[in-house]
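We're numbering straight along the sequence, starting at 1. Keep in mind the model is a prediction, meaning the values are calculated, not measured.
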Amino acid sequence: MDVAKRRPLATFAERRTVAQNSAMNSAAELPAISPDHGFIKFEQPLTERMRTFLRIEFLYEQTLVHVSEPTSFGARGAVSGLLEILTILGRGDVRTDVMKELERHSEMLSRYRSQPGVDAARLNGLIDNVNELRARLAEGGATLVNPLKECDFLNTIRHRSAIPGGTCMFDLPDYGYWLNLPAAERRRQLDSWIGKLAPLCDAVAEVLWLRREATEAVESVAPGGFYQHNQHSVDRSEQLSLVRVFLPASAGIYPEISAGQHRFTLRFLRWRGVEERPLPVNQDVRFLLALC
């Protein structure tokens, strides 16, 4: 699923604003948010469920990149990502969590049908997509990824992966043999394995995309490079689960985000290269903030 190419939900997404620190005249101006301006986004999960979803999304995207590489090291990277996803899935009932999120988003999107000015075709397409992902997960059942968990070949690699360099050919000659098969043959096997994960991982990607697109980023200011936000100051019917901070790539700064149950803070630091410690930013920082 290529979520990056989908149009924003600007035609019907609920617009929300967030409380901001008072704007400072000395704060640098930011350009209007646009993919053309080269913004870097920093995200901080506020719930364990969101933390799990973000990790699965990251590993899934990484795995798909490695799958497209025809080299044996590309295949190694893909297998490594796949095994890390399986490890996460073994720590809780992620499938049930995703099903609940899809159901919630389906109900939320359905409520927009009665609102004026909604792009009905676009809205119906999103609802259909969410319902299709729910159907795929339901069809797979609770044992969706069991064939991967029960695969002796993958389990042996996973056990050896805990040892630095533990998957060398002299440790796992069968893995070494597989890695030397023709790229097309390896690709077919990788596609088969990833196909078992795809219903769940695609659903996670959809949930995260809907979460992100439902909230518009607004301009905020961190006086002296520090920003604090109390979550109860936002009039919302549901708990916040994700903080998103956008900064121009050319700004040379990044945020450290600390989050608690009732508030989160941003402390901006100036990047000085890998050989130097970052320095706290003492000036006012103007940035874009989205609370999802």
Side-chain angles (χ1 to χ4, degrees), residues 1-10 12-21 23 27-62 97-98 101 104-105 108 126 204-223 225-269 271 281 284-292:
M1 179 184 304
D2 189 354
V3 299
K5 295 182 179 179
R6 287 182 290 190
R7 290 166 42 208
L9 304 182
F12 65 89
E14 181 180 357
R15 297 303 192 184
R16 301 184 176 97
T17 58
V18 297
Q20 302 178 32
N21 291 320
E29 292 291 336
L30 282 183
I33 185 168
S34 166
D36 299 331
H37 288 132
F39 276 79
I40 301 177
K41 66 176 182 292
F42 301 87
E43 296 184 327
Q44 176 67 38
L46 301 179
T47 66
E48 191 59 35
R49 178 179 293 183
M50 180 59 65
R51 190 183 305 274
T52 298
F53 286 179
L54 289 175
R55 284 178 171 156
I56 290 174
E57 178 192 50
F58 162 73
L59 290 170
Y60 189 48
E61 291 179 354
Q62 178 178 273
D97 289 341
V98 177
E101 287 290 325
R104 188 181 67 81
H105 281 292
M108 181 188 71
L126 285 171
V204 168
E206 182 76 2
V207 166
L208 290 175
W209 184 81
L210 289 168
R211 274 277 186 179
R212 290 164 175 146
E213 291 297 321
T215 305
E216 185 178 22
V218 298
E219 195 170 297
S220 304
V221 175
F226 181 80
Y227 180 95
Q228 180 170 297
H229 184 90
N230 294 317
Q231 294 188 38
H232 59 73
S233 65
V234 181
D235 184 16
R236 294 185 57 123
S237 60
E238 61 180 89
Q239 181 186 12
L240 297 179
S241 61
L242 183 65
V243 175
R244 308 184 76 208
V245 176
F246 298 81
L247 287 166
S250 59
I253 61 176
Y254 65 92
E256 278 190 347
I257 308 175
S258 299
Q261 184 176 1
H262 302 296
R263 67 171 181 263
F264 66 85
T265 61
L266 309 177
R267 185 168 70 103
F268 290 90
L269 301 172
W271 171 258
V281 176
D284 300 339
V285 175
R286 195 179 300 278
F287 62 99
L288 295 173
L289 176 66
L291 303 179
C292 307

Listed once per pair and sorted, the salt bridge (charged side-chain N to carboxylate O under 4.0 Å, His left out) pairs that draw on residues 240-253, sequence neighbours left out: Glu43-Arg244
Salt bridge (Lys or Arg N to Asp or Glu O under 4.0 Å) against Arg51, all qualifying residues, sequence neighbours excluded: Glu48
Aromatic plane relationship, Tyr254 with Phe42 - under 30° parallel, 30 to 60° tilted, over 60° perpendicular: tilted
Qualifying salt bridge (charged side-chain N to carboxylate O under 4.0 Å, His left out) pairs, either residue in residues 250-259, two or more places apart: Glu256-Arg267
Criterion side chain to side chain contact (heavy atoms under 4.5 Å, CB included) on Arg55 and Thr52, from CA distance to verdict: CA-CA 5 Å; Arg55 284 178 171 156; Thr52 298; 5.9 Å; no
Arg212/Glu57 ion pair, N-O < 4.0 Å: yes
For Ala217 against Ala290, the heavy-atom pair lying closest together: CA-CB, 3.9 Å
Minimum heavy-atom distance between Phe39 and Phe246, given as atom pair plus value: CD2-CB, 3.7 Å
Euclidean distance, Leu266 CG relative to Gln228 CD, rounded to 0.5 Å: 10.0 Å
Candidate pair Leu247 and Phe268, rule side chain to side chain contact (heavy atoms under 4.5 Å, CB included), full reasoning: CA-CA 11 Å; Leu247 287 166; Phe268 290 90; 3.8 Å; yes
Side chain to side chain contact (heavy atoms under 4.5 Å, CB included) assessment of Val245 paired with Ile257: CA-CA 9 Å; Val245 176; Ile257 308 175; 4.2 Å; yes
Approximate separation, where rounding is to 0.5 Å, of Met50 CE and Leu240 CG: 10.5 Å
Leu210 side, atom CG; Glu101 side, atom CD - distance, nearest 0.5 Å: 10.0 Å
Distance-minimising heavy-atom pair for Val204 and Phe53: CG1-O, 3.5 Å
Ser220 to Leu289 - nearest heavy-atom pair and separation: OG-CB, 3.7 Å
Interatomic spacing from CG in Leu59 to CD in Gln62 - rounded to 0.5 Å: 6.0 Å
Passing candidate, side-chain contact (heavy atoms from CB on, under 4.5 Å) with Leu242, options Leu46, Thr47, Leu54: Leu54
Separation of Tyr227 OH from Thr265 OG1 (nearest 0.5 Å): 11.0 Å
Heavy-atom closest pair, residues Pro223 and Asp284: CA-OD1, 3.2 Å
